[in-house]
Structure formats: C-alpha cells, structure tokens
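Inspection log for the structure reproduced underneath, given as structure tokens.
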Amino acid sequence: MIKRQATTPAEPRKDALVAAAYQILATRGFEGLRTREVAAAVGVNIATLHYYFPHKEDLIRGVVAYAMGRFRGTLGGAGSAEDQLRAHFRGLRRLSGDEPELFTVMAELAIRGGRDPSLRKIGGGTGDAWRARLRTFPRRPRDEGAVAEDLDPDGMAAVIVATLKGTFMLPASEPANVERTFRQLETLVGLRAKRTATASGRAKR
C-alpha cells in the first residue's frame, strides 16, 4: 500500500488521487489507468481531478514523484559512504518486500516510456538521478579504502541501476532471486568482502 507522506491541510484530496492512480498502475498498468476511475475511487468527480491534475500526464508526474520519494528515502543518512551504500541496499531490500507495487509502477513507466515519448520525458530523469547519486557511493568508499582502487564508480553505478531495474521488471520477482542479486552486487562493489572480514575479525577477539 502507498504510505502517506506529510501533507498540508489542502493536500489530502490531491494525495488521495495520486494514491488511487498509483494502485491502478500497480495492478492494471498504464492501459488500465482511467482518470474517471481514479476520481471515482476517491469519491470525487472528474472536474475535481482536473482541478488538481489538468492533464493525465500531470497525474502520472504525481505518481512518479511519490515513487521517487520512496526511493530517495533509502539514500543518504549518516556514517561513511560505505555505510550509506549498505543502507541503500538494505532499504531497497525492505521496499521490495514491503512495497512490491512500487517496483511494478516503476517498471511500467520504464517499459511504456520506451514507446511513449511523453512518458519517457516524465520518467527520463529518474534513472539519471539515481545513477548520479550512486556514483558518489563507490567513489567515496574507494577513496576511503573500503573497496578496490580500480573500481570504476560511473561503471559500477550503471551496473547497479541496470541490474536492479532488470530484476524488478521481472513479473513476480522471487524474494530469493532478489536477495541473490543484492548479494552479488555487494560482492562486485566489495561490500560483502569487507563485511565478512569485519565479522571474522570480531570472531577472533
């Protein structure tokens, strides 16, 4: 289910329309997204929906903004760059289990965007923003000596994004496969080796 974010008193109805569109996209895809059904799900007329979202693309932008907000919630935080990258993977693992519809919606956007220029424009910056953010993570742990010196931050960021997008685009991704993917990415970056070495060091004490 969509999780509510903090709103001002004037926003609940707008958020409810985004939530309804989000759920329809997750269950029926873009082909099943009808603005009248979105309005009906919230209990308002189509004129009210158009007041908040004059065009269907505006409603889709609202859904994308919400979805990206959920992704951004796994980025940042305290600690070293290595800790933040671990936290990002941990957050994505949690989202894949708790909010699988989030990845369904983003997969719908990516797939349909390949054929629809207007959708591609709406979602086109999401992958670029994700890659740009991820580039800082391998680079900083490399500088901190946490990962291999010859690791290419730009290349690894592209690999992470492409791998996870591909994994979550698969229908009904098995949790075991998702976990296996994350573990392999951690190995490629060097996080699992670091964690194993740390755990071994503690065990010897």
Could you list the residues that satisfy salt bridge (charged side-chain N to carboxylate O under 4.0 Å, His left out) with R28, not counting sequence neighbours? E37
What pair of heavy atoms forms the shortest contact from V18 to G62, and how long is it? CG1-O, 3.7 Å
Search all heavy atoms of A21 against all heavy atoms of V63 and return the closest pair with its distance. CB-CG2, 3.8 Å
Distance check, rounded to the nearest 0.5 Å: I60 atom CD1 versus E108 atom CD? 10.5 Å
Atom pair CG (L33) and CG (L25), whose distance is rounded to the nearest 0.5 Å: 4.5 Å
Would a 4.5 Å heavy-atom cut-off, applied to side chains only, mark V105 and L109 as touching? no
side-chain hydrogen bond (donor to acceptor under 3.5 Å, both in side chains) filter on E57, not counting sequence neighbours, yields none
Atom CG of L92 and atom CZ of R70: how far apart are they, to the nearest 0.5 Å? 11.0 Å
Rounded to the nearest 0.5 Å, the OG1 atom of T74 sits from the CZ atom of F89 at a distance of 10.0 Å
Atom pair OH/CG of Y52 and D15 - distance to nearest 0.5 Å: 10.0 Å
Identify the heavy atoms of V42 and A20 that sit nearest to each other, and give their distance. CG2-CB, 3.9 Å
Between G97 and P100, what is the shortest heavy-atom contact and its length? O-CD, 3.8 Å
For T163, which residues count as a side-chain contact (heavy atoms from CB on, under 4.5 Å) partner, sequence neighbours excluded? V159, T167, T181, L185
K14 side chain reached by F53 side chain, heavy atoms, under 4.5 Å: yes
Got a sec, which residues hit side-chain contact (heavy atoms from CB on, under 4.5 Å) with A67, two or more places apart in sequence or on another chain? L102, M106
Hey, could you give me the NZ/CG distance between K56 and L49, rounded to the nearest 0.5 Å? 11.0 Å
Contacts of N45 meeting side-chain contact (heavy atoms from CB on, under 4.5 Å) (sequence neighbours excluded), chain-then-number -> A47, T48
Taking only residues two or more places apart in sequence or in another chain, which ones pass salt bridge (charged side-chain N to carboxylate O under 4.0 Å, His left out) with D83? none
